[in-house]
Amino acid sequence: MIKRPVLAANWKMHHGPSAATAFMRSFVAAHQPRADRTVIFFPPAPSLPAVVAEAVLRTDILVGVQNIHWAEKGAFTGEISAEIAKEAGAKMVLVGHSERRHVFGETDAQCAKKCVAAARVGLPFMLCVGEKIEQREAGETAAVVTRQLREGLGQVGHLITTEFLLAYEPVWAIGTGLTATPTDASAIHTLLRSELTAMIGTRAREIPILYGGSVNVANAATLIAAPEIDGLLVGGASLDPGAWTKIVQA
Ligand code: PGA
């Protein structure tokens, strides 16, 4: 059961198995389990077993993968399936992170297939949405995130009973030092929640919606306190155990 707030660390392409082990030893010693929040780590796939091993006694910590392929198996060099991720210990998968979309060209249709693949094996997923700066400046934010949400979840059908989360990550805020104001982020979260209600009814209230984009030790508490922000998805500031511990305890 995922408790809110949810504090999720996206390590991207950082921390191999040794660095991941050292990080986790430091983090689990500094942060005692708290029943009122869930901590998630998305390490690079080869570091997953190391993170899982260090968190084995911690029910407040979940470990996931940053990406999956939608097929069950096959000739897809370099990819991992939901089944393989699950067997390796993943309890969550990130789908449609902006770097997947904008660096690797992942489409809404592919994100939709990845959500289905995760749901098929009962692997909870976190679907990311967010607008680019030119879309924001053109007043298209609401249309973009609504489309990403509808299309991303559009194929899940009855499998939607799988646990899932959303993350709103404005692309212009990722790794740039710019953050959405808590008010702006809250407005988008409210929009996402009402779209989700139209899709899945009152269960939408239970779906955590995280904010991501240049979250750091200084702004975490204010963002987490804003209405409709149920957690944070953090890249750069999650790489240091000291900073990450402070954010988790914000
Ligand atoms: P950032 O990355 O915290 O470094 O901006 C967030 C993310 O990409 O999930």
Side-chain angles (χ1 to χ4, degrees), residues 2 4-15 19-20 23 27 37-45 47-48 51 61-68 90-106 111 114-115 118 124-133 135-136 141 144-145 148-149 152 164-182 184-185 188-189 192 208-224 226 229-250:
I2 294 171
R4 295 187 247 183
V6 178
L7 291 310
N10 174 12
W11 286 353
K12 309 189 181 184
M13 203 167 70
H14 299 279
H15 291 340
F23 180 110
F27 176 73
R37 60 198 59 203
T38 302
V39 181
I40 304 177
F41 288 94
F42 295 106
S47 302
L48 182 91
V51 179
I61 297 178
L62 296 177
V63 190
V65 289
Q66 299 171 8
N67 182 37
I68 52 167
K91 295 275 191 296
M92 174 87 50
V93 55
L94 209 50
V95 175
H97 184 275
S98 80
E99 285 143 24
R100 298 297 322 165
R101 291 177 189 268
H102 303 303
V103 181
F104 299 102
E106 210 166 273
C111 292
K114 292 178 183 204
C115 291
F125 59 88
M126 185 186 295
L127 175 67
C128 304
V129 301
E131 81 286 5
K132 298 206 269 189
I133 189 66
Q135 294 168 324
R136 183 177 188 84
T141 300
V144 169
V145 300
Q148 291 172 330
L149 176 67
F164 71 98
L165 302 84
L166 299 180
Y168 169 55
E169 296 205 301
V171 180
W172 49 270
I174 295 179
T176 58
L178 303 170
T179 35
T181 64
D184 282 354
I188 301 300
H189 286 217
L192 291 170
I209 306 181
L210 281 61
Y211 168 79
S214 296
V215 174
N216 57 38
V217 173
N219 62 23
T222 316
L223 285 161
I224 205 90
I229 297 186
D230 303 316
L232 303 170
L233 178 55
V234 185
S238 74
L239 293 176
D240 171 68
W244 179 239
T245 303
K246 288 196 182 112
I247 291 172
V248 166
Q249 295 176 348

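When a ligand or atom number is given, it counts from 1 through the structure's own listing order. One-based numbering along the sequence shown. Just so you know, these numbers use all the heavy atoms, side chains as well, and skip hydrogens, waters and symmetry mates.
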Worksheet item: Do we see a donor-acceptor contact under 3.5 Å between the side chains of E131 and Y168?
Response: yes
Discussion item. Can you tell me if A173 contacts ligand 1 (heavy atom of the residue under 4.0 Å from the ligand)?
Written reply: yes
Worksheet item: Backbone N or O of Y211 within a donor-acceptor pair of the E169 side chain at under 3.5 Å?
Response: no
Fill in: Basic-acidic side-chain contact under 4.0 Å: R136, D184
yes
Fill in: Contact with ligand 1 for A237, non-hydrogen, under 4.0 angstrom
no
Worksheet item: Between S214 and G177, is there a donor-acceptor pair closer than 3.5 Å when you use the side chain of the first and the backbone of the second?
Response: yes
Practice prompt. Measure the spacing between CG of L166 and CG of D230 and express it to the nearest 0.5 Å.
Written response: 9.5 Å
Discussion item. ring-ring contact (aromatic ring centres under 6.0 Å, His included), that's the test. Do F42 and W11 meet it? Break it down for me.
Written reply: CA-CA 6 Å; F42 295 106; W11 286 353; over 10 Å; no
Response to the item:
For H97, the atoms of ligand 1 under 4.0 Å from one of its heavy atoms are 7 (C), 8 (O), 9 (O)
Worksheet item: Within less than 4.0 angstrom of ligand 1, does G212 place any heavy atom?
Response: no
Discussion item. Give the atom numbers and elements of ligand 1 that come within less than 4.0 Å of a heavy atom of G213.
Written reply: 5 (O)
Discussion item. So if I count the atoms of ligand 1 from 1 in the order they appear, which ones are less than 4.0 Å from some heavy atom of N10?
Written reply: 9 (O)
Worksheet, complete the sentence: Note: heavy atom closest to atom 2 (O) of ligand 1, options E169, K12, Q66, belongs to K12
Worksheet item: If you measure from atom 4 (O) of ligand 1 to every heavy atom of S238, G236, P170, which option wins on shortest distance?
Response: G236
Practice prompt. Give the atoms of ligand 1, by number and element, whose distance to some non-hydrogen atom of G175 is under 4.0 Å.
Written response: 1 (P), 4 (O), 5 (O)
Worksheet item: Taking atom CD1 of I40 and atom CD1 of I2, what is their separation to the nearest 0.5 Å?
Response: 5.5 Å
Worksheet item: Which heavy atom of the protein is the closest neighbour of atom 3 (O) of ligand 1, given with residue, atom name and distance?
Response: G235 N, 2.8 Å
